[in-house]
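Report on one structure; see the data block that follows.
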Amino acid sequence: MIEQAVQILRGGGLVAFPTETVYGLGADATSEAAVQRVFLVKGRPATNPLIVHVYSSSIARRYVADWPPQAERLAQRFWPGPLTLVLPRRPSIADAVTAGLPTVAVRVPDHPMALSLLRAFDGPVAAPSANRSTRLSPTTAQHVREELGESVDLILDGGPCQVGIESTVIDLTSAPPRVLRPGRVTVEALRAEIGDVEAPRLVADPSRPATSPGQQQRHYAPTTPAFRFEPHERPLLDLTAAVVVEPSLDPETYARQLYARLRMLDSQGLRAIFIEMPPDRPEWTAVRDRIVRATRPWRPVEP
């Protein structure tokens, strides 16, 4: 299957493959035509850049114009793993990958099947989540089949994703570096390696190229109307009208199950889904970010 996948990628085709975060929709990142197919299949706006996946930091350095000491420290500490580095790009990366920006986002995923594919391909694979744009990210091969069907040339099944939400993205071209999207790797862990790191909460202007995937105000969302509420608002809810998802698990387990659970609820024809916000603590930052982008704030109806 890996050899078949490599041939598809080299021929300009699309391969969905597992990573530790979510399933990706992969294309040769040096092929403008192949990358344009990714945007077409997903219905993704051209202003939303893609993450490039590679087998190792040595291969990453082929496609970036600068590899600062911060990049080396973070790669040694967190790769393979759910951390994406934004760095100056080389011209060999297709313009569509970067939304025309002078930077490229790169990472080495921590999944044996993904690494086998990337090692055999020996090049950069642009791979956003393998789902329709703004929808829930897929964490199983079946989710990909349900979302994209025959529009993908091959789906590699590597089982359920173990992290379950997208990677942390850090921009190393700014001073100090900025986290553009929270994920499993926390701001505190990054600061422990490279010192000062900013963590602004960014929502991209949809008319301009985003600096990172996952900055849209609505993203990772079910089709069922979904609302978020704070714990103190729970007594005001009409629990007969909707399903309530509450953070009864630890942050890592909750993150791993979040998208799959929302997909299951989304298939039940519910009137609404209500999600209780987890605590506003660092270990919950990535989950809170995904919930905010998937929901609207709930407001009680005035009597």
Side-chain angles (χ1 to χ4, degrees), residues 2 5-17 19-21 24-39 44 46-111 114-130 166-174 177-181 183 185 194 209-214:
I2 295 297
V6 169
Q7 292 306 313
I8 289 171
L9 290 173
R10 288 177 177 162
L14 304 183
V15 174
F17 62 95
T19 75
E20 80 280 23
T21 57
L25 180 62
D28 180 354
T30 67
S31 168
E32 197 73 36
V35 173
Q36 290 291 355
R37 276 195 65 195
V38 172
F39 283 89
R44 185 184 182 99
T47 55
N48 195 3
L50 310 180
I51 290 174
V52 172
H53 295 68
V54 292
Y55 175 67
S56 66
S57 59
S58 62
I59 296 177
R61 288 195 290 269
R62 297 180 196 168
Y63 301 99
V64 300
D66 184 37
W67 186 259
Q70 292 168 324
E72 183 63 24
R73 287 197 292 272
L74 292 176
Q76 288 186 3
R77 172 66 179 84
F78 296 110
W79 281 3
L83 178 66
T84 296
L85 309 181
V86 175
L87 295 159
R89 59 173 284 203
R90 289 190 185 272
S92 53
I93 294 293
D95 287 342
V97 170
T98 67
L101 295 172
T103 55
V104 62
V106 293
R107 88 175 184 101
V108 178
D110 188 14
H111 191 288
L115 290 173
S116 294
L117 173 65
L118 294 167
R119 179 172 53 190
F121 184 67
D122 192 33
V125 175
S129 55
E166 298 77 8
S167 62
T168 303
V169 179
I170 183 170
D171 183 0
L172 294 180
T173 68
S174 65
R178 292 184 298 152
V179 171
L180 304 180
R181 180 178 71 185
V185 179
I194 62 172
T211 51
S212 166

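Put simply, the side chain of W79 gets close to the backbone of L83: a donor and an acceptor are under 3.5 Å apart. At distances below 3.5 Å, at least one donor-acceptor pair connects side-chain atoms of E20 with backbone N or O atoms of D110. T98 contributes a side-chain N or O that, together with a main-chain N or O of D95, makes up a donor-acceptor pair within less than 3.5 Å. When atom types are taken as modelled, the side chain of T168 and the backbone of G183 share a donor-acceptor pair closer than 3.5 angstrom.
Put simply, the side chain of R44 reaches to within 4.5 Å of the side chain of P128, judged on heavy atoms. For the pair V179 and V169, the minimum side-chain heavy-atom distance is 4.5 Å or more. Between L115 and Y55, some side-chain heavy-atom pair lies under the 4.5 Å cut-off. Side-chain contact check for I2 versus F17: every heavy-atom pair is 4.5 Å or farther apart. Side-chain atoms of R77 and R73, non-hydrogen and from C-beta on, never get closer than 4.5 Å to each other. Annotation: side chain of I170 is not in contact with side chain of L180 (no heavy-atom distance under 4.5 Å). You'll find the side chain of P88 stays beyond 4.5 Å of the side chain of V64, heavy atoms only. Within the 4.5 Å cutoff, side-chain heavy atoms of V52 are placed close to those of V97.
Applying side-chain hydrogen bond (donor to acceptor under 3.5 Å, both in side chains) to T19 and the options R107, E166, H111 leaves one that passes, R107.
Partners of Q36 under the side-chain hydrogen bond (donor to acceptor under 3.5 Å, both in side chains) rule, at least two apart in sequence or in another chain, do not exist in this structure. Qualifying side-chain hydrogen bond (donor to acceptor under 3.5 Å, both in side chains) partners for S92, counting only residues two or more places apart in sequence or in other chains: none.
Taking all atoms of both residues into account, the shortest heavy-atom contact from A120 to V6 is CB-CG2, 3.6 Å. A pairwise comparison of heavy atoms in G26 and A127 identifies CA-CB, 3.9 Å as the closest pair. Minimum heavy-atom separation, S57 to A75: CB-CB, 4.3 Å. Minimum interatomic distance between A16 and A130 (heavy atoms only, all atoms of both residues): CB-CB, 4.3 Å.
Neither side chain, T173 nor T103, offers a donor N or O lying under 3.5 Å from an acceptor on the other. Side chain to side chain, R181 and T84 fail the donor-acceptor criterion of an N or O pair below 3.5 Å.
The pair R61-D66 does not meet the salt-bridge criterion, since no charged nitrogen lies less than 4.0 angstrom from a carboxylate oxygen.
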